[in-house]
Amino acid sequence: MSTPSGGQEGAVLGERATEMASDGGSSSLQLPCVFSPKSRQYLAVCAQDGRLRIWNTDSKTINQEYVPSAHLSATCTCIAWGPCRTVKEGPQRKKRKSEAVQVEEKADLLAMGTAAGSVLLYSTAKGTLHCSLVTHSAGVNCVHWHPEDSVLYSGSDDTNIVEWDLQSGKMRSKWKADRAAVTSLCVSPDGKLLLSAGHVIKMWDLDTKELYRKFTGHSTAVTTLRFATTRPPDSNGLYFVSGAAHDRLISVWQVREDGKDKNSVVSFTLTDEPRHVDLVPSNSKEEAVRLAVVCQDGQLHLFEHFLNGPCKKPFSPSCSVQMADTRESPMPIPMLAAVLGRDSRSVLLAYGNHLQPVIEQVEVNTTERHVCLSRDVKTSLSLTMESTVSKVKTPVVNTKSKVLVPGLPGHQAPLKGSHLEKASEKRKKDTKEMSIAEQLGEIDLSATSSEKVKASLQTDNYAVLLVQGLESNDADILNKVLQTRKEMVIKKTVARLPLSAVLPLVKELTNRLQGHPFAGILMVRWLKAVLMHHTSYLASLPDLVTELGVLYHMIESRVKMFHKLTKLHGKLYLLMTHVATSDSSNMVSEVDHTAKLVYEDGEWD
Amino acid sequence: MVEHGDVRVVHKGGSKINFREPALSTDSRFLLCASGESVKVFSTATEECLHALQGHTDLITGVLLRPSNHLQAYSCSLDGTVRLWDFTDGILIRTYSIGYPIYGIYASAKHEGVIFIITPMHTDTNSELFQLVAVHLPQCGEQLVEAKELSAVLSNISSNPAASAFGREVRIFRSKPLQLEHVQKIVSFCVGALFVYNGPHNIFFCVSIVICSDQSISGTPSDQWTDPDWLLQAEGSGTNLLSGGVESVLVQWRYNQESQRDFLPRLGGAITHISVSPDGALFCTSHSDNKITIIQSCVKVSAVIQGLVKGDRIRTDLMIEPRSKALVLNGKPGHLQFYSLQRDKLLYNLDIVQQEYIHESGLEQFEVVMAAFDASGSWLATVEERKQKAPELELNLKLWAFDDQKQSFVLNTTISAPHEGRITALCFPHVSDGQTTMLVSTSRDGHFKAWQLAAPAHTEGPSWSCDFLGAYHSLVPECCCFSADSSLLAVGFQEVVTVWTPASWELLTTLSQPPGAVRDLCFGRLSCSKYLLGATTSRLLCCWNLLTCSLEWVTSMDVSLLLADPLSENMAAFCFEAGSTDLFVFKPGEPRPLFSHKALCSGRVTHAVFVPREVMLESCDEASQWLNCSHLYFLTQSMDLLTFITKAEEDKLTASSKQLVVSDDVAMTPFHLLLGKHRDQLENPQGSNVSLPQLLQMPAHVLPSASFLCSMFVQSLLISVNKPRSKEEEMESEKEEEDSDGEMESRISRPEHMPSGESGCAAPALTKEEVRELRRLKKLDHSWMKGLLD
């Protein structure tokens with residue numbers, strides 16, 4: 001249900017969002033929330049309670065929960081998913097005809113940096129800690145996997161970058177990167193360059209561990225670094241993006257051949273500081289870079305841009321997505337993370353709170369600049385919690401759903417003889433002016449109404465009341481009249497009824513028959529009377545079939561069971577009488593059982 | 001005709017995991033279960049499949065932990081081999097070739113080097129008699145070993161005994177044949193052992209013979225179980241007993257405390273196996289609905305490993321949910337299951353009937369028999385049916401709307417008794433964008449009904465009602481199909497195909513090709529949308545041109561399923577021919593088939609589906625071009641889910657695969673540091689033993705048996721008085737050094753950025769002389785040692 005919030009709603013939401021951000025901003029705790037690479041099977045979230053939770057994005061349920069041994073003191077500061085593992089192949093693998101290809105892309109390991117300075121590797125397949133790496137003396141700010149080798153980089157508050165060899169689980173090298181804390185890291189897609197951010201952004205050659213470039217521009221701590229292109233650095237085509245704390249911008253930097261790359265070339269404007277950035281890098285000049293940024297205020301901004309040299313003017317997002325709940329005065333729902341799908345429209349979103357995020361694949365209408373989605377977070381939450389173990393989802397069944405039983409209108413096709421209908425339509429068109437018959441009818445009606453004026457003195461004239469009730473559709477009057485049980489009254493009333501009121505009466509009766517079965521008993525008497533007195537009139541109606549089709553279907557379907565019911569009734573009656581008679585006979589026989597008088601033979605011979 | 005050169009048929013998930021009793025590892029971390037031709041190793045904590053142990057070439061019939069080494073497991077298969085695996089790393093250690101099909105495997109800790117297998121009594125395959133055979137496994141280091149030393153233990157047993165046990169005594173008895181009325185009652189349990197009872201005819205083995213009659217398990221079992229087909233399993237110490245059966249209630253009985261029982265009800269399908277981990281911390285139950293439930297010893301479900309639920313038969317078609325691209329079919333009774341094909345994992349079951357299912361044989365309950373999604377996935381129509389007797393059929397048609405706000409399906413309309421007869425087909429029109437407002441259902445009562453989404457009434461939202469009721473000469477409609485643009489509806493009334501226009505519900509034309517009733521109808525797509533294809537029971541596939549209303553072509557083939565790819569013009573016809581199914585993929589407008597595959601599988605294929613790909617392939621190869629837009633999945637008669645894969649795709653997948661090796665050590669607890677220091681002190685004076693930690697780190701499968709190592713291990717821990725090493729020791733160290741060689745090299749070639757503050761846990765570096773000495777040792781000829789090993 002995506003509605004473009006082109007008006008006030010968006011503005012109101014925006015205000016609320018900023019309010020909320022100022023509330024939540026005081027804690028300024030960056031809780032990591034990362035989707036697994038490639039197939040996006042998992043979402044790893046570290047919530048306020050220090051536990052790591054892995055959510056399954058397919059079933060939208062919690063997959064596992066891990067409590068690090070020192071989760072309260074050494075809270076998790078950053079999470080990075082390792083490259084996808086492949087299922088190990090056995091030593092002697094013969095490719096048979098029907099053997100499945102066992103190359104699945106499953107995310108397995110994830111690295112967590114903690115405030116205590118350790119790096120934990122957690123295996124989602126086994127659900128246990130894989131190994132822990134300790135060498136930093138202060139909190140780890142960022143971890144980043146090498147795209148190909150089993151090498152991990154971590155940057156810490158102690159201003160060092162450590163390169164870990166995961167094959168042996170040992171540190172491979174460690175160097176001082178900056179005077180200030182290392183806040184962000186990124187390895188280039190070809191695995192040869194490393195970006196680190198401290199006071200300045202530095203680019204390192206990973207083979208020699210030498211400084212390759214320096215970029216200055218951000219005044220606050222850089223929180224995000226991402227490579228935007230996959231081209232080699234000496235082609236003027238390597239770009240990367242950066243975002244910093246308290247900075248409502250994403251800057252794009254170009255790594256130029258001549259080394260004159262001091263300032264950012266392009267910038268994207270945001271509504272708040274960036275919290276989660278996802279990027280689809282471009283492989284060639286003709287391909288645009290797609291960027292999805294979730295801000296501190298809970299909004300999602302989508303950008304699409306062809307990186308081609310500097311541009312002075314900052315770009316605004318091609319599409320902004322907000323989310324609101326379904327209450328009367330909608331409150332914004334903060335987004336936690338977003339990843340872009342294969343096509344430009346689909347985005348996988350995580351929103352809500354960190355303890356129970358809701359995951360959803362959304363098709364965003366990118367032609368709109370602002371999109372507001374309304375979601376009922378509470379119901380989806382309760383659903384996910386129930387189905388964690390049982391794997392059963394219960395669809396919502398509420399009273400709003402309609403039940404069609406045989407006999408109700410809509411269960412059978414409305415009867416419409418097509419030619420008849422056309423004829424009647426024609427007739428209606430023809431008689432735009434009043435025909436003589438209708439004029440006569442008018443006169444008749446007026447006559448009856450004049451009678452009615454006289455008759456209104458008699459209060460118990462049901463026929464008049466009924467006509468009034470049918471004309472005004474007054475439920476009170478109709479109830480009063482139709483609830484009578486006296487056979488004679490019904491007969492007389494129906495007999496006195498003017499012909500024009502017969503059809504409305506039949507329709508009213510049909511409606512009431514569909515209700516409670518007790519009401520049906522009363523209505524049937526009326527119906528019987530109507531049919532007895534006015535069959536000839538009804539038969540003369542040209543559109544009888546359409547008018548009385550519903551009634552016909554109802555009678556038909558209700559009578560269908562009548563035969564079986566009478567059979568059952570008969571059998572039950574037989575059974576009951578049998579039981580009753582056997583009961584009574586038992587009573588009789590019991591009385592007679594004991595002998596009244598017993599003679600015993602004497603024992604003499 | 002194009003041959004199927006580089007397109008292969010492959011298994012794609014959905015295999016059975018409840019076929020045989022699963023095995024839990026000693027530390028309760030892993031669960032091994034036989035699944036088709038591979039053994040799957042699951043993590044009990046995360047329900048993830050860690051490895052699939054592949055190597056067997058036929059159905060696997062048993063998995064068992066090796067009693068003498070809890071890191072290894074045996075598996076046996078109908079291919080006549082027993083294989084020994086290292087299941088933590090997923091490595092095949094040894095293959096024992098027996099030569100007869102094996103139907104079960106047992107082992108006992110008391111019988112070292114012996115396993116017990118179940119093989120047929122006679123060599124002919126269809127014999128019903130089986131025997132238990134003891135096999136002496138030869139000890140040698142080769143990969144493939146022939147085990148020919150067989151001795152029969154028991155004869156006349158079933159191929160799959162319901163339970164088995166070894167007693168404390170290491171004798172195996174064949175008990176007296178039991179009287180039949182006895183068999184119903186005697187299912188007994190004694191300390192540490194279990195009596196086995198299997199089926200109406202026989203038995204099996206019973207051990208330290210204390211046969212208790214059923215009275216000892218508190219009362220008569222019949223008040224708990226109505227079906228005699230139930231299972232027992234003793235737990236760990238033998239003081240507890242678990243039982244379960246068709247009612248899917250797990251009961252934990254305590255020895256000598258008859259009133260105390262723990263119940264775990266509503267586990268799902270009937271329990272088919274119960275197994276207990278050696279430490280008693282976990283139980284697991286296999287269920288008939290292809291599920292393994294892992295239960296903690298406090299009788300609480302901790303995890304559910306759910307395969308594709310296949311039940312006894314599949315009532316609904318295979319469908320793809322347009323939103324999540326999940327495969328949808330009926331699963332547990334009364335549920336629709338959503339199965340992710342990419343991940344080979346069940347996503348969830350959607351409860352359609354919403355009535356508690358009562359597990360009792362002979363009880364008829366509502367089941368989902370038909371379902372359909374519209375093109376955008378916003379509507380789901382389901383038909384549920386309860387059949388007591390044919391004339392008293394109970395039917396419900398439910399229409400569910402997907403609510404974006406609640407992210408769930410919401411019931412919109414329930415239509416009870418939509419038809420008087422069974423519904424034969426259910427079909428939404430293919431509206432590409434915009435709202436679906438129509439549904440057509442055909443029934444055996446000779447009518448088809450068009451249901452329309454009516455405009456919202458004053459208070460309620462929109463709901464569905466019947467718009468049109470169609471019939472044709474009181475013939476029974478069997479199938480229906482909308483054309484690609486939904487402007488035409490074709491309904492097959494036995495021999496006659498009627499074509500209607502949904503806009504005004506007029507009968508446009510009738511087509512027929514007698515004799516033989518029309519079984520399947522399908523409109524062409526895209527450029528072929530003027531064609532209508534029909535398969536008849538008289539082995540004909542007809543193609544009508546709707547512009548000329550004439551028959552375009554006819555071929556003679558017994559089509560069991562006709563399917564159109566939603567993204568291309570291609571159509572797939574599964575034909576039943578001489579006991580097996582052939583596949584033809586063709587375009588209706590072209591005379592030559594694009595692809596044909598003879599003898600796909602045995603039996604009829606009645607369920608198949610085209611699954612749109614996420615990324616289109618750009619294959620130009622003629623034979624595999626039809627797979628560019630979609631995958632084709634189909635279910636065989638034996639309920640295997642199969643699909644096609646092209647060579648190019650396979651190559652791409654294998655090329656992208658790479659290993660990520662990360663050492664697994666959760667070290668660095670204070671205790672470890674302490675211990676590490678202590679060890680350093682112990683070992684460094686000796687100077688010889690870098691090998692000990694490496695010995696501990698080495699994978700188990702490269703080591704000799706534990707008994708062999710133990711003495712050396714103890715010796716290495718002792719403070720040695722310098723004395724000449726024994727031969728064995730030498731050999732051992734050589735072995736380790738070989739292993740450590742690679743690591744040493746990496747250490748030497750380390751970059752110059754050697755950290756200054758490296759922690760003390762690293763092993764002390766070797767001196768140059770030591771390295772040289774090791775190299776020299778490595779070069780020596782050690783072939784004489786083979787004799788020792790044997």
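For Pro395(A) against Ser408(B), the heavy-atom pair with the smallest separation is CA-OG, 3.9 Å. Thr326(A) and Gln405(B) make their closest contact through CG2-OE1, 3.0 Å (heavy atoms, listed as atom of the first residue, atom of the second, distance).
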Notebook entry, point to check: Is there a side-chain contact (heavy atoms from CB on, under 4.5 Å) between Gln354(B) and Thr394(A) once you walk through the steps?
Noted result: CA-CA 8 Å; Gln354(B) 309 211 341; Thr394(A) 314; 3.2 Å; yes
Next item on the list: For side-chain contact (heavy atoms from CB on, under 4.5 Å), just list the numbers for Lys393(A) and Leu347(B), CA-CA rounded to whole Å, side-chain angles, deciding distance to a tenth of an Å, and then say yes or no.
Entry: CA-CA 10 Å; Lys393(A) 263 195 188 176; Leu347(B) 299 183; over 6 Å; no
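Only the side chain of Gln64(A) comes within contact range of chain B, with heavy atoms under 4.5 Å apart. Heavy-atom distances place the side chain of Trp451(B), and not its backbone, under 4.5 Å from chain A. Only the side chain of Asn398(A) comes within contact range of chain B, with heavy atoms under 4.5 Å apart. Looking at Thr413(B), both its backbone and its side chain come within 4.5 Å of chain A, counting heavy atoms on both sides.
Ranked by heavy-atom pairs under 4.5 Å with chain A, the list Phe468(B), Trp400(B), Phe42(B), Trp464(B) is led by Trp400(B). Options Asn396(B), Leu469(B), Val410(B) differ in how many heavy-atom pairs under 4.5 Å they form with chain A, and the most are formed by Val410(B). Chain B forms the most heavy-atom pairs under 4.5 Å with one residue out of Leu404(A), Leu152(A), Val397(A), and that residue is Leu404(A).
No donor-acceptor pair under 3.5 Å is formed between the side chain of Thr414(B) and the backbone N or O of Val403(A).
Interatomic distance, Gln407(B) CD to Arg375(A) CZ, rounded to the nearest 0.5 Å: 5.0 Å.
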